[in-house]
Each structure stands twice: as C-alpha cells, then as structure tokens.
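Each remark here refers to the structure printed beneath this line.
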Amino acid sequence: MSTSISCLRLSLIALFLLFLVLLFHYTLSPSEFFNCSQSFSLPCTSRKVGLILRPQIPKPKTHFKDAAHHPLDPLTIQEINQVRSILLSYKPLPSFPAIHSLSLDEPDKPQVLDWKIGDPLPARKALVVALLNAQSHLLTVDLDLGKVTSHEVKLGSGYPPVSLEDIEGALRVALSFTELNKSAIDRGMKLSDLACDTPSAGWYGPSEEERRVIKVQCFSGQGSPNFYMRPIEGLTLTIDIDNKKVVKFTDTGRGIPVPKDKNTEYRYGSQTDPPPIMEQLKPISIEQPNGPSFTVENGYIVKWANWVFHLKPDSRAGMIISRAMVRDSETGELRSVMYKGFSSELFVPYMDPDESWYFKTYMDAGEYGMGVTATSLVPLNDCPRYSYYMDGIFVTSDGKPYVQPNMICIFERYAGDIGWRHSEGLISSLSAQIRESRPKITPVARMAASVGNYDYIFDWEFQTDGLIRIKIALSGMLMVKGSPHENINQVPNQEDMTGTLVSENVIGVVHDHFITFHLDMDVDDTNNSFAKVNLVREETSPGESARKSYLKAKRLVAKTEEDAQVKLKLYDPSEFHVINPSRRSRLGNPSGYKLVPSGTAASLLDLDDPPQLRSAFTNNQIWVTPYNRTEQWAGGLLTYQSRGEDTLAVWSARNRPIENKDIVLWYTLGFHHIPCQEDFPVMPTVSSSFGLKPVNFFESNPILRIAPNFEQDLPVCRAAVSA
Ligand SMILES: *[C@@H]1O[C@H](CO)[C@@H](O)[C@H](O)[C@H]1NC(C)=O
Ligand SMILES: *[C@@H]1O[C@H](CO)[C@@H](O)[C@H](O)[C@H]1NC(C)=O
Ligand SMILES: *[C@@H]1O[C@H](CO)[C@@H](O)[C@H](O)[C@H]1NC(C)=O
Ligand SMILES: *[C@@H]1O[C@H](CO)[C@@H](O)[C@H](O)[C@H]1NC(C)=O
Ligand SMILES: [Cu+2]
C-alpha cells in the first residue's frame with residue numbers, strides 16, 4: 001500500500017546491507033531431516049530422535065561460487081561484478097551512473113524453449129536501468145562479448161524505481177530543513193523524535209515534471225516502533241531528489257494532535273499488557289519425517305509430484321515462475337502450462353483529495369520493487385518447518401551485488417483439505433459401503449514484501465490435479481490520518497467519512513489494492529487462443545418444456561485484443577479459457593487452462609484521473625496481448641512519475657490479432673479496503689486468490705489413482721515430557 005522507509009528502517013537496512021556483504025545463505029539440506037521413526041508403529045519422541053526440540057536454524061551459505069545452470073537463472077554475484085566492471089570502462093557514459101535495476105536480460109523465448117539440459121547456455125546478458133544527470137539510460141550488457149551491446153537514453157515520462165540512496169538523500173534534505181525542525185519544536189517534539197517516510201509523488205501535472213520528486217512525511221517515533229499509527233498530520237515536504245532541495249513545504253493540521261503510542265506496540269517481547277483472554281493452543285505442526293517431497297535443483301528448478309518449474313527472485317516482481325510444466329499422469333509427457341508468471345504491477349490509490357493525501361496512489365513494483373522490499377522470512381511463523389529458503393541476489397546503486405537472505409520459502413502444505421471424495425452406501429441396493437477420499441497436499445512458493453507500512457504475502461501453489469493457485473494476503477500497518485476526534489460522536493458528518501476512526505485520533509483512510517499479474521500461458525505449446533465461454537439464458541417456447549429458462553455455454557474465440565478486454569459481471573458470467581486449438585483431447589476438445597477469478601474489486605476512479613491514467617492497466621480485470629518481450633510491466637518500464645504513456649491499456653489499444661498466437665493473459669486481483677478497528681495497530685491478514693485450472697487438458701481426473709492416506713503410513717510425533 002504505501003511505500004515508505006523510515007529513518008529507523010533506513011538505518012536497519014544500512015546495517016542489513018553490511019550484513020549482506022558477508023553473503024550468508026541459509027538452506028536446509030536433506031541430511032538435516034531427522035528420521036521421525038523408521039518403524040511407524042512407534043511414536044517419535046524427542047527422546048528417541050531429537051526431532052521436536054531441535055531448533056530450525058538455517059545454515060549460512062556463500063553465493064560466491066554460484067554459477068548459472070539454466071537460461072533463466074538470475075545473474076550471479078560474479079556476473080554482476082562483471083557487468084559493473086564493463087560499465088566502469090564504458091566510455092559513452094561520462095561517469096558511473098546510479099544503477100536502479102540490474103538483472104538478467106532473458107534470452108529470446110525460442111532460445112529458452114529450445115534449450116536442453118547439457119546444452120551451452122545462451123549468451124548471458126544484463127539489462128541495466130540507470131540514471132545519469134536525471135536521464136534514464138537503458139543498457140544491455142553482453143557478458144559473453146564483454147561489452148555494452150545496446151544503449152538507449154529514454155526520453156518521455158517516467159523514471160526507474162527509487163533507490164535506497166534516493167530515499168536516504170531525501171530524508172537527509174528533509175531533516176536538515178529548518179522549517180521542519182521548527183514545526184517539530186512547535187508541536188513540542190524534537191527533530192530526533194521523528195520517524196519519516198518517503199511516499200512516491202505520483203504524477204499530477206506540469207509542476208512536478210522534468211525533475212524527480214518524492215514526498216517526505218513524518219510521524220512520532222518515540223515510545224513505540226509503530227510510528228505509522230502516529231502521524232504528524234498535514235506536514236508534507238516535496239523533495240527534488242536529484243537537486244537535493246525542498247521544493248514545497250506544507251504544514252497544516254497544527255490543531256490535530258499526534259496520536260498517542262498507547263496500544264500500538266506489536267512485538268511479542270515488548271508487550272506490557274497481559275496476554276489475550278483465550279484458551280492457549282496446544283502445539284501444532286505437520287511432520288515430514290523423511291523430509292519434503294519437493295526438490296530444488298541447480299538453485300532454481302523446483303520439482304514436486306507432477307510439477308516442474310523454474311522459480312527465481314526478482315528485484316521488481318518479487319518472484320518469477322517460469323517454464324511451469326505438469327506431467328501427464330496417463331502418458332508421462334511433461335506438458336507446458338505457463339512460460340512465465342509474475343506480479344507485474346500494483347496500484348494502491350488512497351481516497352482522500354487532501355493536500356497531504358492526494359498523491360498517495362502507489363505503484364509499488366515500479367516505484368519501489370517488490371523483491372528489494374521482501375526481507376527475510378521468519379522460520380516457523382512465515383513458513384513452516386521443513387521449508388526450503390531461497391536467497392535473492394540484487395544490486396545496490398553503485399552496481400555491487402548483495403544477498404537478500406531467505407527471501408522466498410518453499411514448503412508443502414497439508415491443511416487437512418480434501419483433494420476429491422465420494423461416498424456411497426445410503427442406498428441399500430449397493431452391497432458395499434464406499435467412502436473414498438484423498439488428501440490435498442500442495443507445494444507453496446512464498447515471499448512477503450514490506451513496502452513501507454504494508455505487507456504483501458504472495459503464494460504460488462501447485463496442485464496434483466493441475467491447478468495453480470495464486471494467493472495474495474495483506475497485512476502490516478494501515479496508512480492512517482491524524483484526526484482531532486477521539487470518538488465518532490465528535491465527528492460532524494459521521495456517515496460520510498473518508499475512512500474509519502480506528503483508534504483515538506486515528507483514521508484509517510479508505511483505499512484500494514490492485515495486483516496485476518502477467519501470465520504468459522503456453523498451454524501445450526506457444527500458439528494459443530483466448531476463448532470466453534459465456535453463460536447465456538435461453539427461454540423455452542410455450543409448451544416446449546416444464547421449464548421456462550435454462551443456461552447455455554456459448555464459446556467466443558477472441559480475434560483481437562479488444563475482444564479480450566474483460567470487465568467481470570456477475571449477471572453476465574463467463575469462463576475464460578486459454579486454449580491450444582491444435583491440441584485436442586481424444587474427444588476432440590481443445591486442451592486448455594481457465595482463469596478462475598476472485599476478489600473482484602474494480603477501480604472506480606475517473607478514467608482521466610492522473611493516477612488512473614498511469615494505472616490504466618486496472619481499467620479491465622482481464623486483458624490478452626500478443627507476446628512481446630518488451631511488454632512485461634503493466635505500468636510501463638519507467639513507472640516512477642510516469643504519465644501513462646506505456647501501460648498495458650496503451651499496448652492493448654493497438655488491437656493486434658491474438659488468435660492462435662503466442663499470447664499473454666493479464667489478470668488484476670483487487671481489494672477495496674474500508675479499514676476497521678481490528679486493523680489497528682497491525683492488520684490481521686486479508687487474502688484473496690485466483691486459479692489457473694486445467695479444462696479438457698487431461699483426459700480425465702488426473703489424480704484418480706493416487707493413494708489415500710493410511711494410518712500406518714503416517715508417523716505420529718509427540719513432544720516428549722522431558723528431553
Ligand atoms: C534416516 O533414515 C535413512 C533410511 O533409513 C538413513 O539412510 C539416514 O541415515 C537416516 N537419517 C538420520 C539423520 O538418522
Ligand atoms: C532545531 O532547532 C533547535 C532550536 O532552534 C536547535 O537547537 C537545533 O540545533 C535545531 N536542529 C537542527 C538539526 O537544525
Ligand atoms: C504459430 O502460428 C504461427 C502463425 O500464426 C505459425 O507461423 C507458427 O509456426 C506457429 N508456431 C507453432 C509453434 O506452431
Ligand atoms: C513490442 O512492444 C513495444 C512496446 O510496447 C512496441 O514499441 C513494439 O512495436 C512492439 N512490437 C510488436 C511487434 O508489436
Ligand atoms: Cu489496505
């Protein structure tokens with residue numbers, strides 16, 4: 001939601017970066033899995049095998065010797081260093097630019113598709129987005145040739161994501177600005193009491209063009225780490241990032257008290273109030289005495305049951321899933337489902353036109369980066385025992401690599417759910433009672449980005465029946481507004497507020513979250529079509545039937561991009577299939593995967609509102625474009641202060657043919673958020689998910705013959721009374 005890094009967090013991050021130079025890595029190797037009990041008739045106690053009481057401490061591992069094994073593997077530390085040295089001696093740049101993004105320039109799709117294990121890797125290339133003298137440079141560095149092979153100065157609107165240096169610089173400018181000091185003192189605070197964050201400025205017309213600007217807003221950082229609940233309302237600085245100057249200072253809201261720190265603490269170890277009045281839970285965890293069933297090979301290839309996919313961290317998207325393939329359980333054939341899937345952009349507009357609020361219309365991936373803000377996951381709480389942790393390798397603005405440890409976790413989920421079931425026996429004519437049921441066990445790849453106050457948890461989950469579920473959960477802190485009111489009976493117009501009073505003097509402002517996914521589906525091959533299967537009501541003629549009406553499924557294959565711009569409608573429903581017209585089942589149905597939407601909030605802003613122009617990719621929930629390797633980021637490559645010239649909506653307006661072509665499906669999952677008191681001082685997670693589900697892809701239920709769970713197969717692990 002908001003995106004901001006406090007002074008506090010900054011110093012933490014600085015410390016963190018120092019740490020990262022040490023290049024620690026944590027993994028869990030198979031040898032570390034303790035055998036629960038070899039003969040499953042015995043319960044496994046900690047006395048017997050030491051399983052329970054052994055803390056799971058991930059082991060540090062260096063990445064210095066990492067090498068790429070797959071065409072899509074992210075750049076290694078050595079490769080990043082090599083890019084840096086090539087750029088250092090690259091003459092056309094008068095000095096070393098600020099690196100805002102440096103990542104693998106993926107080989108062309110046909111090269112990746114043709115590549116087989118054992119083949120030499122296609123040329124390793126880096127795509128660098130850099131800033132020099134306030135101009136964006138796009139450079140391709142070929143590591144095999146050892147040189148820059150393309151160099152473009154980007155004119156037009158938009159800048160790359162802000163760097164940590166930009167944020168630090170802006171905060172330094174703000175904190176040395178005398179007016180801010182004066183405002184703090186006038187409010188009875190010291191400058192050193194403040195925690196400030198740096199919301200992106202959006203784009204609101206000519207006064208903010210031709211220079212990179214960022215806002216600075218401050219909170220009370222005293223007495224509680226949860227400064228987000230303690231805004232100094234109405235105090236906003238606009239900073240010119242490159243010229244390091246305050247270009248605007250507004251200080252309204254002197255009459256609004258800074259909310260108190262009472263009840264804002266959220267750390268377990270710092271609670272002074274008694275624990276909640278509820279029965280305590282007994283210990284619960286799932287046991288995997290033989291370790292999990294997935295493997296991670298060569299760093300980034302995940303294999304589990306019938307699935308194989310490439311999973312990698314990305315500074316901007318967070319996680320990227322590539323080459324997702326499912327094995328046909330009948331034929332053994334490994335079949336392509338999706339070439340690439342990732343969260344391409346987020347849009348988080350706040351609904352308050354006030355001077356200190358109108359600009360809060362974040363595009364978190366392009367303005368900050370979902371990967372760089374995804375810090376280490378917490379074992380046993382963010383991810384269960386037996387998780388495998390993957391590190392991100394990213395780049396600082398001076399072009400040096402650093403490691404984001406434990407950024408992604410992979411684990412198997414068994415939440416007691418059912419994979420399929422049926423029972424018979426109520427009708428006496430059947431001789432035997434039948435009760436057939438299968439457990440649903442899935443692998444999950446997870447990361448959690450803390451973009452300032454808000455936390456976004458992304459899960460990619462794969463099922464044996466071929467379904468892929470993508471889940472987003474929101475947590476963290478609300479972005480709140482200071483208010484003179486302590487109770488709604490003091491509010492003049494309490495039925496018509498821009499938010500909810502969530503604590504004394506604290507309003508949780510209404511806002512939306514939209515997460516737009518790039519889903520390059522390759523169902524069985526690259527050439528696919530998009531079909532809307534529309535449910536339409538048919539009326540019977542008089543006397544024809546006892547029924548007056550029924551539904552028919554009418555299939556419409558989209559010819560061009562416009563046919564595939566979809567606004568979801570409850571009373572005019574459709575299914576959305578990506579089909580391969582040349583691959584047919586034995587019954588003649590085209591092989592397909594359908595998008596199963598949910599969490600269907602749509603943006604209600606005026607289409608000409610500047611934030612909506614920039615985030616026009618949320619004008620529809622579904623779009624389909626022909627594959628184009630440069631069209632990856634729904635809000636444009638250069639999103640910061642963009643004016644909406646390079647969005648998915650602009651690309652789609654070309655109305656290119658999309659039938660029986662390599663196509664990309666785009667889906668936006670939305671949330672409206674009207675805050676409530678339970679969201680204070682930290683929000684319990686709210687989640688929503690969508691599915692990619694096989695339709696006529698398999699000949700029949702692909703998990704018909706999998707075995708059920710039997711008591712004797714499942715060990716029971718008991719915590720010992722004493723170790
Ligand atoms: C677990 O059991 C396997 C197979 O019986 C054995 O090879 C392995 O050494 C055991 N591991 C531990 C940690 O006891
Ligand atoms: C803020 O103002 C106070 C009072 O004028 C002064 O003592 C202090 O040095 C100032 N701090 C900064 C960082 O300018
Ligand atoms: C995909 O279709 C195009 C024509 O639209 C054709 O030229 C191409 O060979 C097809 N590719 C595959 C892999 O079938
Ligand atoms: C690919 O996308 C870029 C950016 O939208 C565009 O300039 C280019 O014309 C596109 N190429 C094709 C073949 O559509
Ligand atoms: Cu929210």
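Numbering of residues begins at 1 and proceeds along the displayed sequence. Since this is a predicted model, take the numbers as computed values, not measurements. When a ligand or atom number is given, it counts from 1 through the structure's own listing order.
Listed by number with element, the atoms of ligand 4 under 4.0 angstrom from any heavy atom of Asn628 are 1 (C), 2 (O), 3 (C), 8 (C), 10 (C), 11 (N), 12 (C), 14 (O). Those atoms of ligand 4 that come under 4.0 Å of a heavy atom in Arg656, given as number and element, are 14 (O). The ligand atoms of ligand 4 that sit less than 4.0 angstrom from a heavy atom of Thr630 are 1 (C), 2 (O), 3 (C), 4 (C). Close contacts of ligand 4 with Trp651, meaning ligand atoms under 4.0 Å from a residue heavy atom, involve 5 (O).
The shell of residues lying under 4.0 angstrom from ligand 4, judged by heavy atoms, excludes Arg629.
Between Thr500 and Cys676, the shortest heavy-atom contact is CG2-CA, 4.4 Å.
Counting only distance, with no hydrogens or angles, the side chain of Ser343 and the backbone of Ala317 share a donor-acceptor pair below 3.5 Å. Distance alone, capped at 3.5 Å, is enough to place a donor-acceptor pair between the Asp563 side chain and the Thr560 backbone. Not one N or O on the side chain of Arg583 forms a donor-acceptor pair closer than 3.5 Å with the backbone of Pro590.
If you check the side chains of Ser503 and Gln677, you find no donor sitting under 3.5 Å from an acceptor. Between the side chains of Gln217 and Thr236, at least one donor N or O lies within less than 3.5 Å of an accepting N or O.
A salt bridge does not link Lys125 to Asp105: none of the charged side-chain nitrogens sits closer than 4.0 Å to a carboxylate oxygen. The pair Asp522-Lys109 meets the salt-bridge criterion, with a side-chain N (NZ, NE, NH1 or NH2) lying under 4.0 Å from an Asp/Glu carboxylate O.
When rounded to 10 degrees, the angle formed at the Cu ion (ligand 5) by NE2 (His513) and ND1 (His673) equals 140°. Geometry about the Cu ion (ligand 5) gives an angle of 130° between OH of Tyr454 and NE2 of His511, rounded in steps of 10 degrees.
Annotation: ligand 3 has protein neighbours Asp525, Thr526, Asn527, Asn660, Lys661, each with a heavy atom less than 4.0 angstrom from the ligand.
Note on ring orientation: taking the six-membered ring where Trp is involved, the planes of Phe458 and Tyr456 are tilted (angle from 30° to 60°).
Residue side and main chain included, Met683 places no N/O/S atom under 2.8 Å of the Cu ion (ligand 5).
Residues Phe219 and Tyr228 place their aromatic rings such that the two centres sit under 6.0 Å apart.
The shortest N or O to N or O distance between Arg654 and ligand 4 is under 3.5 Å.
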